[in-house]
Amino acid sequence: MLHKKVRLDRLTENEKVLTPTYGTREMNESVPKYEMPESEMLPKTAYNIIHDELMLDGNSRLNLATFVTTWMEPEARQLMSETFDKNMIDKDEYPQTAEMEMRCVNMLSRLYHSPEDGEGCGCSTIGSSEAAMLGGMALKWKWRERMKAKGKPTDKPNMVMGIDVHVCWDKFCKYWDVEPRFVPMEGNRYVMNDKEAVKLIDENTIGVVTIFGTTFTGQYEPIKEINDALDNLNRKTGWEVPIHVDGASGAFVAPFIQPDIEWDFRLKWVKSINASGHKYGLVYPGVGWVIWRDWAELPDDLIFKVNYLGGEMPTFALNFSRPGNQIVAQYYNFLRLGKTGYRRIIQSAHDTALYLSEKIAKMEPFELLTDGSDIPVLAFKIKDKTNFSVFDISEMVRDRGWLIPAYTLPANKEDTAVLRIVVKEGFSRDMADLLIGDLKRILKHFADQPGHKPKETKKKGKFIKHC
Ligand SMILES: *Cc1c(COP(=O)(O)O)cnc(C)c1O
(Lines give C-alpha, C1' and ligand atoms only; values in the text may rest on other atoms or scores of the structure.)
Protein backbone atom coordinates (compact mmCIF):
# COMPACT_ATOMS: atom_id res chain seq x y z
CA MET A 1 0.00 0.00 0.00
CA LEU A 2 1.13 3.53 -0.64
CA HIS A 3 1.23 5.78 2.38
CA LYS A 4 1.56 9.50 2.87
CA LYS A 5 3.72 11.25 5.40
CA VAL A 6 1.45 12.55 8.12
CA ARG A 7 1.46 16.37 8.55
CA LEU A 8 2.34 16.79 12.21
CA ASP A 9 1.45 20.49 12.09
CA ARG A 10 -2.18 19.50 11.54
CA LEU A 11 -2.42 17.18 14.54
CA THR A 12 -3.15 17.90 18.18
CA GLU A 13 -0.49 16.85 20.67
CA ASN A 14 -2.57 13.84 21.64
CA GLU A 15 -2.92 12.63 18.09
CA LYS A 16 0.83 12.49 17.63
CA VAL A 17 1.56 9.99 20.36
CA LEU A 18 0.75 6.59 21.70
CA THR A 19 -0.71 7.23 25.10
CA PRO A 20 0.66 4.89 27.71
CA THR A 21 -1.65 1.94 27.99
CA TYR A 22 0.05 0.52 31.01
CA GLY A 23 0.35 3.86 32.73
CA THR A 24 2.90 4.21 35.40
CA ARG A 25 3.43 0.49 35.75
CA GLU A 26 5.48 0.08 32.61
CA MET A 27 5.44 3.23 30.62
CA ASN A 28 5.31 6.66 32.07
CA GLU A 29 5.79 8.77 28.97
CA SER A 30 3.90 8.83 25.75
CA VAL A 31 5.83 7.83 22.63
CA PRO A 32 5.60 9.45 19.21
CA LYS A 33 3.56 7.59 16.57
CA TYR A 34 4.96 9.11 13.40
CA GLU A 35 8.63 9.62 14.20
CA MET A 36 11.12 7.23 15.68
CA PRO A 37 11.18 7.47 19.47
CA GLU A 38 14.40 8.93 20.92
CA SER A 39 14.78 6.33 23.63
CA GLU A 40 14.36 2.62 24.20
CA MET A 41 11.62 0.77 26.01
CA LEU A 42 11.52 -2.67 27.53
CA PRO A 43 10.83 -5.53 25.11
CA LYS A 44 7.77 -6.52 27.10
CA THR A 45 6.32 -3.01 26.93
CA ALA A 46 6.82 -2.80 23.18
CA TYR A 47 5.30 -6.24 22.78
CA ASN A 48 2.23 -5.34 24.80
CA ILE A 49 1.62 -2.08 22.97
CA ILE A 50 1.78 -3.75 19.57
CA HIS A 51 -0.07 -6.87 20.62
CA ASP A 52 -2.96 -4.81 21.98
CA GLU A 53 -3.14 -2.57 18.94
CA LEU A 54 -3.30 -5.59 16.64
CA MET A 55 -6.39 -6.85 18.49
CA LEU A 56 -8.28 -4.29 16.41
CA ASP A 57 -7.43 -6.20 13.23
CA GLY A 58 -10.14 -8.58 12.08
CA ASN A 59 -10.18 -12.17 13.26
CA SER A 60 -8.51 -13.95 10.36
CA ARG A 61 -10.55 -17.12 10.90
CA LEU A 62 -13.79 -15.20 10.27
CA ASN A 63 -12.34 -13.60 7.17
CA LEU A 64 -14.35 -15.05 4.32
CA ALA A 65 -13.03 -12.37 1.98
CA THR A 66 -9.49 -13.55 1.57
CA PHE A 67 -8.20 -16.49 -0.41
CA VAL A 68 -5.07 -16.52 1.67
CA THR A 69 -4.30 -19.18 4.26
CA THR A 70 -5.30 -18.28 7.81
CA TRP A 71 -4.48 -21.54 9.58
CA MET A 72 -1.54 -23.95 9.58
CA GLU A 73 -0.62 -26.89 11.75
CA PRO A 74 1.51 -26.21 14.87
CA GLU A 75 4.38 -28.22 13.34
CA ALA A 76 4.34 -25.97 10.29
CA ARG A 77 4.32 -22.86 12.48
CA GLN A 78 7.25 -24.25 14.42
CA LEU A 79 9.26 -24.97 11.28
CA MET A 80 8.46 -21.52 9.99
CA SER A 81 9.65 -19.79 13.15
CA GLU A 82 12.80 -21.91 13.12
CA THR A 83 13.53 -20.70 9.59
CA PHE A 84 12.61 -16.99 9.75
CA ASP A 85 16.30 -16.16 9.43
CA LYS A 86 16.83 -17.96 6.14
CA ASN A 87 17.19 -15.71 3.14
CA MET A 88 15.92 -17.46 0.06
CA ILE A 89 18.47 -15.86 -2.25
CA ASP A 90 21.42 -17.00 -0.18
CA LYS A 91 21.81 -20.38 -1.77
CA ASP A 92 25.42 -20.74 -0.60
CA GLU A 93 24.40 -20.49 3.00
CA TYR A 94 21.13 -22.39 2.73
CA PRO A 95 21.54 -25.05 0.04
CA GLN A 96 18.89 -27.28 1.62
CA THR A 97 16.25 -24.54 1.40
CA ALA A 98 17.16 -24.23 -2.29
CA GLU A 99 16.90 -27.99 -2.62
CA MET A 100 13.39 -27.92 -1.13
CA GLU A 101 12.37 -25.17 -3.54
CA MET A 102 13.66 -27.36 -6.39
CA ARG A 103 11.69 -30.36 -5.12
CA CYS A 104 8.52 -28.23 -4.88
CA VAL A 105 9.02 -27.05 -8.49
CA ASN A 106 9.40 -30.69 -9.53
CA MET A 107 6.29 -31.79 -7.70
CA LEU A 108 4.21 -28.98 -9.20
CA SER A 109 5.54 -29.56 -12.73
CA ARG A 110 4.43 -33.17 -12.50
CA LEU A 111 1.11 -32.25 -10.89
CA TYR A 112 0.49 -30.00 -13.90
CA HIS A 113 1.45 -32.73 -16.37
CA SER A 114 4.52 -31.14 -17.89
CA PRO A 115 5.80 -33.54 -20.55
CA GLU A 116 8.13 -36.15 -19.00
CA ASP A 117 10.54 -35.91 -21.94
CA GLY A 118 10.68 -32.10 -21.78
CA GLU A 119 12.59 -29.67 -19.63
CA GLY A 120 9.92 -28.28 -17.38
CA CYS A 121 11.12 -25.58 -14.99
CA GLY A 122 9.90 -22.96 -12.57
CA CYS A 123 10.61 -20.99 -9.41
CA SER A 124 9.05 -19.74 -6.23
CA THR A 125 7.89 -16.14 -5.93
CA ILE A 126 6.38 -13.97 -3.23
CA GLY A 127 2.89 -14.74 -4.59
CA SER A 128 0.94 -15.09 -7.81
CA SER A 129 1.39 -11.41 -8.60
CA GLU A 130 5.16 -11.71 -8.92
CA ALA A 131 4.63 -15.02 -10.72
CA ALA A 132 2.31 -13.23 -13.17
CA MET A 133 4.96 -10.59 -13.86
CA LEU A 134 7.52 -13.29 -14.64
CA GLY A 135 5.09 -15.30 -16.76
CA GLY A 136 4.01 -12.18 -18.62
CA MET A 137 7.59 -11.07 -19.25
CA ALA A 138 8.49 -14.45 -20.71
CA LEU A 139 5.48 -14.10 -23.06
CA LYS A 140 6.51 -10.63 -24.13
CA TRP A 141 10.17 -11.51 -24.71
CA LYS A 142 9.29 -14.69 -26.64
CA TRP A 143 6.82 -12.77 -28.81
CA ARG A 144 9.49 -10.19 -29.56
CA GLU A 145 11.91 -12.95 -30.61
CA ARG A 146 9.28 -14.41 -32.96
CA MET A 147 8.48 -11.05 -34.52
CA LYS A 148 12.15 -10.09 -34.94
CA ALA A 149 12.83 -13.41 -36.65
CA LYS A 150 10.11 -12.50 -39.16
CA GLY A 151 11.46 -8.96 -39.56
CA LYS A 152 8.26 -7.49 -38.14
CA PRO A 153 7.77 -4.49 -35.81
CA THR A 154 7.69 -5.11 -32.05
CA ASP A 155 6.29 -1.84 -30.78
CA LYS A 156 2.63 -2.76 -30.23
CA PRO A 157 2.33 -5.85 -28.04
CA ASN A 158 -1.08 -6.73 -26.64
CA MET A 159 -2.43 -9.31 -24.22
CA VAL A 160 -5.89 -10.89 -24.42
CA MET A 161 -7.81 -11.78 -21.26
CA GLY A 162 -11.20 -11.63 -19.61
CA ILE A 163 -12.26 -8.51 -17.72
CA ASP A 164 -12.41 -10.89 -14.74
CA VAL A 165 -8.60 -10.92 -14.40
CA HIS A 166 -6.97 -10.10 -11.11
CA VAL A 167 -5.46 -6.62 -10.78
CA CYS A 168 -1.97 -8.14 -11.17
CA TRP A 169 -2.62 -8.44 -14.93
CA ASP A 170 -3.68 -4.79 -15.22
CA LYS A 171 -0.44 -4.02 -13.44
CA PHE A 172 1.58 -6.25 -15.73
CA CYS A 173 0.23 -4.49 -18.82
CA LYS A 174 0.80 -1.04 -17.35
CA TYR A 175 4.31 -1.71 -16.00
CA TRP A 176 5.56 -3.56 -19.07
CA ASP A 177 3.85 -1.43 -21.67
CA VAL A 178 1.52 -4.01 -23.14
CA GLU A 179 -1.95 -3.11 -24.43
CA PRO A 180 -4.57 -5.02 -22.43
CA ARG A 181 -7.50 -6.36 -24.48
CA PHE A 182 -10.41 -7.42 -22.32
CA VAL A 183 -13.33 -9.70 -23.11
CA PRO A 184 -16.23 -8.13 -21.20
CA MET A 185 -18.86 -10.04 -19.18
CA GLU A 186 -22.22 -10.51 -20.87
CA GLY A 187 -25.60 -11.86 -19.72
CA ASN A 188 -24.89 -14.80 -17.43
CA ARG A 189 -21.31 -15.12 -18.62
CA TYR A 190 -18.85 -13.84 -16.01
CA VAL A 191 -15.71 -15.26 -17.64
CA MET A 192 -13.96 -15.12 -21.01
CA ASN A 193 -14.89 -17.70 -23.65
CA ASP A 194 -13.12 -18.97 -26.75
CA LYS A 195 -15.33 -17.18 -29.25
CA GLU A 196 -14.83 -13.74 -27.75
CA ALA A 197 -11.12 -14.29 -27.05
CA VAL A 198 -10.35 -15.20 -30.64
CA LYS A 199 -11.91 -11.96 -31.90
CA LEU A 200 -9.33 -9.91 -30.00
CA ILE A 201 -6.21 -11.86 -30.97
CA ASP A 202 -3.84 -10.73 -33.70
CA GLU A 203 -0.19 -11.14 -34.59
CA ASN A 204 0.80 -8.71 -31.84
CA THR A 205 -0.82 -10.77 -29.10
CA ILE A 206 1.96 -11.90 -26.76
CA GLY A 207 -0.39 -14.39 -25.14
CA VAL A 208 -3.84 -15.16 -23.80
CA VAL A 209 -4.18 -15.17 -20.02
CA THR A 210 -6.88 -17.49 -18.77
CA ILE A 211 -8.09 -17.49 -15.19
CA PHE A 212 -8.52 -20.79 -13.47
CA GLY A 213 -10.76 -19.70 -10.64
CA THR A 214 -11.68 -16.02 -10.96
CA THR A 215 -11.65 -13.70 -7.98
CA PHE A 216 -15.06 -12.31 -8.95
CA THR A 217 -17.12 -15.52 -8.97
CA GLY A 218 -14.73 -18.43 -8.42
CA GLN A 219 -15.45 -19.86 -11.88
CA TYR A 220 -13.00 -21.64 -14.13
CA GLU A 221 -12.55 -20.21 -17.60
CA PRO A 222 -13.03 -22.79 -20.38
CA ILE A 223 -9.31 -23.28 -20.97
CA LYS A 224 -9.63 -26.37 -23.14
CA GLU A 225 -12.02 -24.61 -25.51
CA ILE A 226 -9.73 -21.58 -25.63
CA ASN A 227 -6.74 -23.86 -26.33
CA ASP A 228 -8.59 -25.59 -29.17
CA ALA A 229 -9.75 -22.33 -30.72
CA LEU A 230 -6.20 -21.02 -30.48
CA ASP A 231 -4.85 -24.19 -32.06
CA ASN A 232 -7.09 -23.58 -35.06
CA LEU A 233 -6.19 -19.94 -35.28
CA ASN A 234 -2.45 -20.55 -34.93
CA ARG A 235 -2.59 -23.27 -37.56
CA LYS A 236 -4.51 -21.05 -39.98
CA THR A 237 -2.31 -17.97 -39.54
CA GLY A 238 1.12 -19.40 -38.70
CA TRP A 239 1.12 -17.42 -35.43
CA GLU A 240 2.23 -19.03 -32.19
CA VAL A 241 0.03 -17.28 -29.65
CA PRO A 242 0.45 -19.15 -26.31
CA ILE A 243 -1.66 -19.41 -23.16
CA HIS A 244 -0.61 -18.53 -19.64
CA VAL A 245 -2.93 -19.96 -16.98
CA ASP A 246 -3.48 -17.86 -13.88
CA GLY A 247 -4.16 -20.76 -11.54
CA ALA A 248 -3.65 -18.70 -8.36
CA SER A 249 -6.46 -20.66 -6.70
CA GLY A 250 -7.47 -23.40 -9.13
CA ALA A 251 -3.99 -24.87 -9.62
CA PHE A 252 -4.16 -26.14 -6.04
CA VAL A 253 -7.80 -27.25 -6.33
CA ALA A 254 -8.46 -29.04 -9.61
CA PRO A 255 -5.47 -31.45 -9.51
CA PHE A 256 -6.91 -32.93 -6.32
CA ILE A 257 -10.67 -32.90 -6.73
CA GLN A 258 -11.34 -32.35 -10.45
CA PRO A 259 -8.53 -34.36 -12.08
CA ASP A 260 -10.44 -34.74 -15.34
CA ILE A 261 -10.59 -31.05 -16.14
CA GLU A 262 -7.91 -30.37 -18.74
CA TRP A 263 -6.46 -26.97 -18.00
CA ASP A 264 -2.70 -27.52 -17.65
CA PHE A 265 0.25 -28.74 -19.76
CA ARG A 266 -1.98 -31.48 -21.15
CA LEU A 267 -3.12 -28.67 -23.45
CA LYS A 268 -0.70 -27.87 -26.24
CA TRP A 269 -0.71 -24.07 -26.02
CA VAL A 270 -0.48 -23.78 -22.24
CA LYS A 271 3.13 -22.69 -21.80
CA SER A 272 3.15 -21.40 -18.24
CA ILE A 273 1.09 -21.54 -15.06
CA ASN A 274 1.12 -19.52 -11.86
CA ALA A 275 -0.21 -20.69 -8.51
CA SER A 276 -0.44 -19.13 -5.05
CA GLY A 277 1.15 -21.37 -2.45
CA HIS A 278 -0.51 -19.18 0.16
CA LYS A 279 -4.04 -19.79 -1.14
CA TYR A 280 -5.18 -23.40 -1.57
CA GLY A 281 -1.49 -24.36 -1.38
CA LEU A 282 -2.27 -23.90 2.34
CA VAL A 283 0.81 -21.89 3.39
CA TYR A 284 0.82 -18.56 5.26
CA PRO A 285 1.58 -15.57 2.99
CA GLY A 286 3.72 -15.06 0.90
CA VAL A 287 4.66 -17.79 -1.48
CA GLY A 288 3.71 -18.32 -5.10
CA TRP A 289 4.93 -20.43 -7.97
CA VAL A 290 5.42 -20.06 -11.68
CA ILE A 291 5.99 -23.16 -13.76
CA TRP A 292 6.94 -23.29 -17.43
CA ARG A 293 6.19 -26.18 -19.71
CA ASP A 294 9.75 -26.13 -21.01
CA TRP A 295 13.00 -24.27 -20.49
CA ALA A 296 12.68 -23.11 -24.11
CA GLU A 297 9.78 -20.84 -23.07
CA LEU A 298 12.22 -18.76 -21.01
CA PRO A 299 14.26 -16.24 -23.00
CA ASP A 300 17.92 -16.34 -21.95
CA ASP A 301 17.91 -12.59 -21.79
CA LEU A 302 15.70 -12.60 -18.69
CA ILE A 303 17.81 -15.01 -16.69
CA PHE A 304 20.56 -13.76 -14.38
CA LYS A 305 23.24 -15.94 -12.91
CA VAL A 306 24.25 -15.80 -9.27
CA ASN A 307 27.23 -17.57 -7.78
CA TYR A 308 26.24 -20.69 -5.99
CA LEU A 309 28.62 -23.03 -4.19
CA GLY A 310 31.32 -22.14 -6.62
CA GLY A 311 28.98 -22.79 -9.53
CA GLU A 312 26.36 -20.61 -11.14
CA MET A 313 22.68 -20.61 -10.37
CA PRO A 314 20.20 -19.12 -12.84
CA THR A 315 17.57 -16.81 -11.31
CA PHE A 316 14.47 -15.13 -12.66
CA ALA A 317 12.80 -12.93 -10.04
CA LEU A 318 11.75 -9.37 -9.31
CA ASN A 319 12.97 -9.52 -5.72
CA PHE A 320 16.35 -10.40 -4.31
CA SER A 321 16.28 -11.11 -0.57
CA ARG A 322 13.16 -12.91 0.51
CA PRO A 323 12.16 -15.13 3.43
CA GLY A 324 12.89 -18.82 2.87
CA ASN A 325 10.50 -20.07 5.51
CA GLN A 326 7.38 -20.09 3.34
CA ILE A 327 9.17 -22.43 0.95
CA VAL A 328 10.01 -24.67 3.88
CA ALA A 329 6.34 -24.57 4.89
CA GLN A 330 5.21 -25.40 1.36
CA TYR A 331 7.53 -28.38 1.32
CA TYR A 332 6.21 -29.39 4.75
CA ASN A 333 2.65 -29.42 3.39
CA PHE A 334 3.62 -31.43 0.31
CA LEU A 335 5.47 -33.97 2.42
CA ARG A 336 2.97 -34.09 5.28
CA LEU A 337 -0.27 -34.10 3.27
CA GLY A 338 0.62 -35.72 0.00
CA LYS A 339 -2.07 -35.86 -2.65
CA THR A 340 -4.48 -37.66 -0.33
CA GLY A 341 -4.20 -34.99 2.35
CA TYR A 342 -4.69 -32.13 -0.08
CA ARG A 343 -7.64 -33.98 -1.64
CA ARG A 344 -9.27 -34.44 1.77
CA ILE A 345 -8.86 -30.78 2.77
CA ILE A 346 -9.90 -29.29 -0.57
CA GLN A 347 -12.82 -31.71 -0.87
CA SER A 348 -14.04 -30.72 2.55
CA ALA A 349 -13.87 -26.98 1.70
CA HIS A 350 -15.67 -27.78 -1.54
CA ASP A 351 -18.41 -29.69 0.31
CA THR A 352 -18.84 -26.83 2.78
CA ALA A 353 -19.09 -24.33 -0.10
CA LEU A 354 -21.82 -26.41 -1.76
CA TYR A 355 -23.62 -26.81 1.57
CA LEU A 356 -23.53 -23.05 2.16
CA SER A 357 -24.61 -22.15 -1.36
CA GLU A 358 -27.56 -24.54 -1.18
CA LYS A 359 -28.75 -22.81 2.00
CA ILE A 360 -28.21 -19.34 0.55
CA ALA A 361 -30.07 -20.26 -2.64
CA LYS A 362 -33.08 -21.10 -0.47
CA MET A 363 -33.11 -17.68 1.20
CA GLU A 364 -35.71 -15.57 -0.53
CA PRO A 365 -33.90 -12.39 -1.52
CA PHE A 366 -30.71 -14.06 -2.76
CA GLU A 367 -29.73 -15.53 -6.09
CA LEU A 368 -26.49 -17.41 -6.68
CA LEU A 369 -24.15 -16.45 -9.50
CA THR A 370 -21.93 -19.40 -8.62
CA ASP A 371 -22.35 -22.21 -6.13
CA GLY A 372 -18.74 -23.11 -5.35
CA SER A 373 -18.52 -26.09 -7.64
CA ASP A 374 -15.32 -24.88 -9.35
CA ILE A 375 -13.08 -23.47 -6.62
CA PRO A 376 -14.86 -23.40 -3.24
CA VAL A 377 -16.00 -19.81 -3.74
CA LEU A 378 -19.56 -18.63 -4.09
CA ALA A 379 -20.99 -15.33 -5.22
CA PHE A 380 -24.58 -14.20 -4.84
CA LYS A 381 -26.69 -11.15 -5.41
CA ILE A 382 -30.04 -9.75 -4.34
CA LYS A 383 -32.73 -10.82 -6.80
CA ASP A 384 -35.22 -7.97 -6.74
CA LYS A 385 -35.25 -4.41 -5.54
CA THR A 386 -35.47 -4.33 -1.74
CA ASN A 387 -34.89 -1.92 1.12
CA PHE A 388 -31.31 -3.18 1.57
CA SER A 389 -28.32 -3.88 -0.63
CA VAL A 390 -25.37 -6.28 -0.61
CA PHE A 391 -23.35 -3.41 0.86
CA ASP A 392 -25.74 -3.29 3.85
CA ILE A 393 -25.33 -7.03 4.36
CA SER A 394 -21.56 -6.80 4.17
CA GLU A 395 -21.59 -4.09 6.82
CA MET A 396 -24.03 -5.90 9.10
CA VAL A 397 -22.17 -9.24 9.11
CA ARG A 398 -19.06 -7.30 10.05
CA ASP A 399 -20.69 -6.50 13.38
CA ARG A 400 -20.51 -10.22 14.11
CA GLY A 401 -16.88 -10.42 12.98
CA TRP A 402 -17.48 -11.89 9.52
CA LEU A 403 -15.65 -10.30 6.63
CA ILE A 404 -17.69 -10.79 3.46
CA PRO A 405 -16.93 -8.34 0.66
CA ALA A 406 -19.59 -6.72 -1.51
CA TYR A 407 -18.65 -5.26 -4.87
CA THR A 408 -19.98 -4.46 -8.31
CA LEU A 409 -18.87 -6.51 -11.29
CA PRO A 410 -16.76 -5.04 -14.13
CA ALA A 411 -17.92 -4.33 -17.72
CA ASN A 412 -20.53 -5.08 -18.97
CA LYS A 413 -22.15 -6.11 -15.69
CA GLU A 414 -21.53 -2.97 -13.66
CA ASP A 415 -25.15 -3.01 -12.53
CA THR A 416 -24.69 -6.30 -10.69
CA ALA A 417 -23.46 -6.09 -7.11
CA VAL A 418 -22.52 -9.30 -5.34
CA LEU A 419 -21.37 -10.78 -2.06
CA ARG A 420 -18.58 -13.33 -2.19
CA ILE A 421 -17.60 -16.06 0.23
CA VAL A 422 -14.29 -17.90 0.01
CA VAL A 423 -14.38 -21.23 1.83
CA LYS A 424 -11.01 -22.30 3.16
CA GLU A 425 -9.60 -24.93 5.44
CA GLY A 426 -10.65 -23.96 8.95
CA PHE A 427 -14.15 -22.86 7.95
CA SER A 428 -16.28 -25.71 9.21
CA ARG A 429 -19.85 -26.67 8.52
CA ASP A 430 -20.71 -25.47 12.03
CA MET A 431 -19.33 -22.06 11.18
CA ALA A 432 -21.37 -22.13 7.97
CA ASP A 433 -24.49 -22.73 10.07
CA LEU A 434 -23.57 -19.84 12.36
CA LEU A 435 -23.18 -17.61 9.33
CA ILE A 436 -26.55 -18.68 7.92
CA GLY A 437 -28.11 -17.88 11.32
CA ASP A 438 -26.58 -14.40 11.21
CA LEU A 439 -27.77 -13.82 7.63
CA LYS A 440 -31.31 -14.80 8.65
CA ARG A 441 -31.23 -12.36 11.57
CA ILE A 442 -30.03 -9.61 9.27
CA LEU A 443 -32.82 -10.28 6.77
CA LYS A 444 -35.34 -10.11 9.61
CA HIS A 445 -33.79 -6.86 10.78
CA PHE A 446 -34.41 -5.27 7.37
CA ALA A 447 -37.87 -6.80 7.06
CA ASP A 448 -38.73 -4.95 10.28
CA GLN A 449 -37.60 -1.63 8.81
CA PRO A 450 -39.56 -1.06 5.61
CA GLY A 451 -38.40 2.57 5.45
CA HIS A 452 -34.69 1.65 5.24
CA LYS A 453 -32.90 2.93 2.13
CA PRO A 454 -30.47 0.50 0.46
CA LYS A 455 -26.85 1.58 0.72
CA GLU A 456 -25.17 2.24 -2.61
CA THR A 457 -21.60 1.34 -3.47
CA LYS A 458 -19.29 4.03 -2.16
CA LYS A 459 -17.45 5.06 -5.29
CA LYS A 460 -19.61 5.57 -8.35
CA GLY A 461 -18.21 5.69 -11.80
CA LYS A 462 -14.70 4.46 -11.21
CA PHE A 463 -14.38 0.69 -11.16
CA ILE A 464 -12.20 -0.49 -8.33
CA LYS A 465 -10.54 -3.86 -8.75
CA HIS A 466 -10.99 -5.99 -5.69
CA CYS A 467 -8.87 -9.01 -4.91
C1 LIG B 1 -5.01 -13.99 -5.63
C2 LIG B 1 -4.93 -13.96 -7.08
C3 LIG B 1 -3.85 -13.35 -7.72
C4 LIG B 1 -2.77 -12.63 -6.97
O5 LIG B 1 -2.12 -13.53 -6.15
P6 LIG B 1 -1.15 -13.17 -4.93
O7 LIG B 1 -0.62 -14.51 -4.60
O8 LIG B 1 -2.02 -12.59 -3.88
O9 LIG B 1 -0.13 -12.22 -5.44
C10 LIG B 1 -3.79 -13.39 -9.09
N11 LIG B 1 -4.75 -14.00 -9.80
C12 LIG B 1 -5.81 -14.61 -9.24
C13 LIG B 1 -6.82 -15.30 -10.10
C14 LIG B 1 -5.94 -14.61 -7.86
O15 LIG B 1 -6.97 -15.23 -7.28
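Start at 1 and go down the list; that is how both ligands and their atoms are numbered.
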Just which atoms of ligand 1 are under 4.0 Å from any heavy atom in [X]?
X: I211; result: 13 (C)
X: T215; result: 14 (C), 15 (O)
X: K279; result: 1 (C), 2 (C), 3 (C), 5 (O), 14 (C), 15 (O)

Checking side-chain polar atoms at under 3.5 Å, does [X] have a donor or acceptor matched by the opposite partner on [Y]?
X: R322; Y: S124; answer: yes
X: D430; Y: S428; answer: no
X: E82; Y: Q78; answer: yes
X: N412; Y: E186; answer: yes

Does the N or O separation between [X] and ligand 1 drop below 3.5 Å for any pair?
X: W169; answer: no
X: S128; answer: yes
X: T214; answer: no
X: D246; answer: yes

So which bit of [X] gets within less than 4.0 Å of ligand 1, heavy atoms only: side chain, backbone, both or neither?
X: I126; value: neither
X: H278; value: side chain
X: C168; value: side chain
X: S276; value: side chain

Ligand 1 contact by G213, heavy-atom criterion under 4.0 angstrom: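 For ligand 1, residue contact (heavy atoms, under 4.0 Å) with G213 is present.
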
Please identify which of these residues, F172, W169, W143, meets the ring pair (Phe, Tyr, Trp, His ring centres under 6.0 Å) condition with H244. W169

Can you confirm if the NZ or CZ of K455 lies within 45° of the ring axis of F391 and under 6.0 Å from the centre of its six-membered ring? no

Is the terminal nitrogen or CZ of R429 (NZ for Lys, CZ for Arg) located under 6.0 angstrom from the six-membered ring centre of Y355 and within 45° of that ring's axis? yes

Taking the six-membered ring for Trp, is the centroid-to-centroid distance between W292 and F316 below 6.0 Å?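 That pair passes the under 6.0 Å test.
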
